[in-house]
2 protein chains.
Amino acid sequence: MVKPVLPGHPARGSKSGRPIMLLLDLLGRRWVLRLVWELREGPKRFRELQMAIGASPTIINERLAELRAAKLVELDTASGYRLTALGTELLHLFLPLHAWSEKWAKRLSA
Amino acid sequence: MVKPVLPGHPARGSKSGRPIMLLLDLLGRRWVLRLVWELREGPKRFRELQMAIGASPTIINERLAELRAAKLVELDTASGYRLTALGTELLHLFLPLHAWSEKWAKRLSA
DNA sequence: GCGGTTGCTACAATTTCCGTAGCAACATCG
DNA sequence: CGATGTTGCTACGGAAATTGTAGCAACCGC
């Protein structure tokens, strides 16, 4: 069991509970960025996420629980897992990465 | 030894070599986001990074090697590790996270 | 020479993650 | 009613990643 990311709990590698450290801790955990990314176009089921990402259900579930505790993702029984309002805000901050990654890849292969 | 993030090498959990997947893979590895963040205000020495982050030198070195292979970080023997031009671009995409994380933390504690 | 800093490595112990199998709850269809 | 399918999720043994500690070789100033 991994420590939850919540106010008062210091992030791994940081004695302070500064929000940016908590956020970097959460987003730096394996598959978390991918999970948020996979939900960018709407809700997905547990197994859909599992298939799309290719990770074990154990860790998918653990990461989803962390994202739910962080109020970035929620489970709607009718449609599946989806981003909350907060999660959608976060996703929008990440969208520029898509275009930038193309530029970056060209520089790498050059 | 972890697979390097380079064109042609598919990212973990993705059969395609799409740049965004490579990038999310790289950034999702433990301590990578923290490392980029710690270099935001200028170069730092290996041991400075180690102290600031609190991770083992083994993994600090491995992640720095990956970031160097990705041309996001470089080592200047006179001043230490620093962001490349590409790395600085990436950092700028992440800077809005700082302000947003404060808002997020308030929502969590509410 | 001597002490300090540099980046970095070795290696055993611990933690995390994977891969597979499967469960309980619920819905749907006959 | 039973049978079948889908849902989210868990157990558990093996594999992989990470930690913590110690220390090395190269370099610089004195």
Side-chain angles (χ1 to χ4, degrees), chain A residues 1-5 9-15 21 24-35 38-39 42-70 72-84 87, chain B residues 1-5 9-15 21 24-35 38-39 42-70 72-84 87:
Chain A
M1 186 58 181
V2 175
K3 280 195 296 183
V5 174
H9 297 74
R12 299 177 304 184
S14 176
K15 282 148 206 136
M21 291 302 171
L24 291 179
D25 179 9
L26 176 61
L27 298 181
R29 295 179 186 178
R30 211 174 194 180
W31 307 126
V32 166
L33 286 175
R34 260 306 280 286
L35 280 170
E38 290 295 334
L39 293 176
K44 283 194 178 177
R45 293 292 181 184
F46 188 94
R47 280 182 171 74
E48 286 185 277
L49 290 169
Q50 195 185 330
M51 294 301 165
I53 293 177
S56 72
T58 314
I59 205 64
I60 292 278
N61 184 48
E62 184 167 317
R63 289 296 117 89
L64 282 173
E66 290 163 8
L67 282 167
R68 292 167 81 179
L72 298 177
V73 166
E74 62 191 357
L75 173 58
D76 173 52
T77 50
S79 60
Y81 284 97
R82 68 182 173 199
L83 296 175
T84 63
Chain B
M1 185 58 182
V2 176
K3 280 196 296 185
V5 173
H9 298 73
R12 298 178 303 186
S14 175
K15 282 148 207 137
M21 290 303 170
L24 291 180
D25 178 9
L26 176 60
L27 298 181
R29 295 179 187 178
R30 211 172 195 181
W31 306 126
V32 166
L33 286 174
R34 257 311 277 286
L35 279 170
E38 289 295 334
L39 293 176
K44 283 194 178 178
R45 293 292 181 183
F46 189 94
R47 279 182 172 74
E48 285 184 277
L49 290 170
Q50 195 184 331
M51 293 301 164
I53 293 177
S56 72
T58 313
I59 204 63
I60 292 278
N61 184 48
E62 184 167 318
R63 290 296 119 89
L64 282 172
E66 291 164 7
L67 283 168
R68 291 166 81 178
L72 298 176
V73 165
E74 62 192 357
L75 173 57
D76 172 53
T77 50
S79 60
Y81 284 98
R82 67 182 173 199
L83 297 175
T84 63

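Being a predicted model, the structure only gives us computed values, none of them experimental. Lettering follows sequence order; numbering is per chain, from 1.
- Listed pair B/Trp31 / D/dA17 fails the phosphate criterion, with no side-chain N or O lying under 4.0 Å from OP1 or OP2.
- Remark: A/Thr84 pairs with no residue by the side-chain hydrogen bond (donor to acceptor under 3.5 Å, both in side chains) rule, at least two apart or across chains.
- Residues passing the side chain to side chain contact (heavy atoms under 4.5 Å, CB included) test with B/Glu48, sequence neighbours excluded: B/Lys44, B/Arg45.
- For B/Glu62 and D/dT18, the CD to P distance is 7 Å, given to the nearest whole Å.
- Going from atom CD1 of A/Ile60 over to atom P of C/dC18 covers 8 Å, rounded to whole Å.
- Checking the phosphate oxygens (OP1, OP2) of C/dT16, no side-chain nitrogen or oxygen of A/Arg29 falls inside 4.0 Å.
- Remark: B/Glu74 pairs with B/Arg82 by the salt bridge (Lys or Arg N to Asp or Glu O under 4.0 Å) rule, at least two apart or across chains.
- Here the side chains of A/Leu33 and B/Asp25 are not in contact, with every heavy-atom distance at 4.5 Å or above.
- Distance CZ (B/Arg30) to P (C/dT14): 17 Å, rounded to an integer number of Å.
- Taking B/Arg47 as the reference, B/Gln50 meet the side chain to side chain contact (heavy atoms under 4.5 Å, CB included) condition, with sequence neighbours excluded.
- Taking atom CE of A/Met51 as the reference point, atom P of C/dC18 lies 15 Å away to the nearest angstrom.
- The side chain of A/Asn61 places no N or O atom within less than 4.0 Å of a non-bridging phosphate oxygen (OP1 or OP2) of D/dG8.
- Distance from the side chain of A/Arg45 is smallest for D/dG8 among the nucleotides C/dC17, D/dT10, D/dG8.
- Rounding to whole angstrom units, CZ of residue A/Arg34 and P of C/dC18 are separated by 12 Å.
- At whole-Å resolution of the value, CZ in B/Phe46 and C1' in D/dC27 are 17 Å apart.
- Within the model, atoms CG of A/Leu35 and CZ of A/Arg30 stand 12.5 Å from one another, a figure rounded to the nearest 0.5 Å.
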* Asked: What one-letter contact string describes nucleotides 20-26 of chain D from 5' to 3', where B marks a base within less than 4.0 Å of any protein heavy atom, S marks contact via sugar-phosphate atoms alone, and - marks no contact?
  -> BBBB---
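- Remark: A/Ser56 engages A/Thr58, A/Ile59 in a side chain to side chain contact (heavy atoms under 4.5 Å, CB included) (not counting sequence neighbours).
- Put simply, CD1 on A/Ile59 is 18 Å from P on D/dG13, counting in whole angstrom units.
- Note: CZ (A/Arg63) to P (D/dT10) measures 14 Å, nearest angstrom.
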